[in-house]
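Following: one structure in structure tokens, then a few remarks.
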Amino acid sequence: MLSLSAAKWSLPVLEAIEEGTLRFNALQRKIDGISHRLLTVTLRRLIAEGLLLRHEYDESILHVEYNLTPAGRDLLETAHQFCTWTSLHPPR
């Protein structure tokens, strides 16, 4: 969990999807500075870890959407609590 949350793009990707379902391009627009390749790698890793779900829709034009799993929501909640704790307890 620590290595996953320490990866540069994992938490920004999870936070971007926190508000609801997103497609790849919308997700990339929401995360400033992430390349197509890094977003792809990050999404695959988060899916493999069980933090995201990938839904493919086979319509006239194939599209893919991403959602948080309950584990992904729990991780984000923990990350937000950690940020709150660090702001309440600055380094001495």
If you compare all heavy atoms of Gly50 against all heavy atoms of Ala71, which two are closest, and at what distance to 0.1 Å? O-CB, 3.8 Å
State which residues pass side chain to side chain contact (heavy atoms under 4.5 Å, CB included) with Ala79; sequence neighbours excluded, sorted by chain then number. Leu11
Would you give the length of the straight line joining atom CG of Asn25 to atom NZ of Lys30, rounded to the nearest 0.5 angstrom? 14.0 Å
Are Phe82 and Leu76 connected in a single hydrophobic cluster, I mean Ile/Leu/Val/Met/Phe/Trp/Tyr linked by side-chain heavy atoms less than 4.5 Å apart? no
Taking the side chain as every heavy atom from C-beta outward, state whether Leu39 and Phe24 have any atom pair closer than 4.5 Å. yes
Which residue, Leu14, Ile34, Val41, forms the side-chain contact (heavy atoms from CB on, under 4.5 Å) with Trp9? Ile34
Report the distance from atom CG of Leu38 to atom CD of Gln28, rounding to the nearest 0.5 Å. 10.0 Å
Nearest 0.5 angstrom please: His63 NE2 to Glu56 CD, how far? 10.5 Å
Taking atom CD of Glu59 as the centre, does the number of heavy atoms from other residues, nucleotides or ligands within less than 6.0 Å exceed 12? yes
Side chains of His80 and Glu15: does their closest heavy-atom pair fall under 4.5 Å? yes
When the ring planes of Trp85 and His89 are compared, do they come out parallel, tilted or perpendicular, using 30° and 60° as the limits? tilted
With respect to Tyr66, which candidate in Val13, Leu22, Leu43 satisfies the side-chain contact (heavy atoms from CB on, under 4.5 Å) definition? Leu43
Taking a hydrophobic cluster as the set of Ile, Leu, Val, Met, Phe, Trp and Tyr residues connected by side-chain heavy atoms closer than 4.5 Å, whether directly or through intermediates, do Leu53 and Leu68 fall within one such cluster? no
Contact summary for Glu18 and Arg73, nearest pair of heavy atoms: O-NH1, 3.4 Å
Nearest 0.5 Å please: distance from the CD1 atom of Ile47 over to the OG1 atom of Thr42. 10.5 Å
Smallest heavy-atom separation, Ala16 atom then Leu27 atom, equals CB-CD1, 3.5 Å
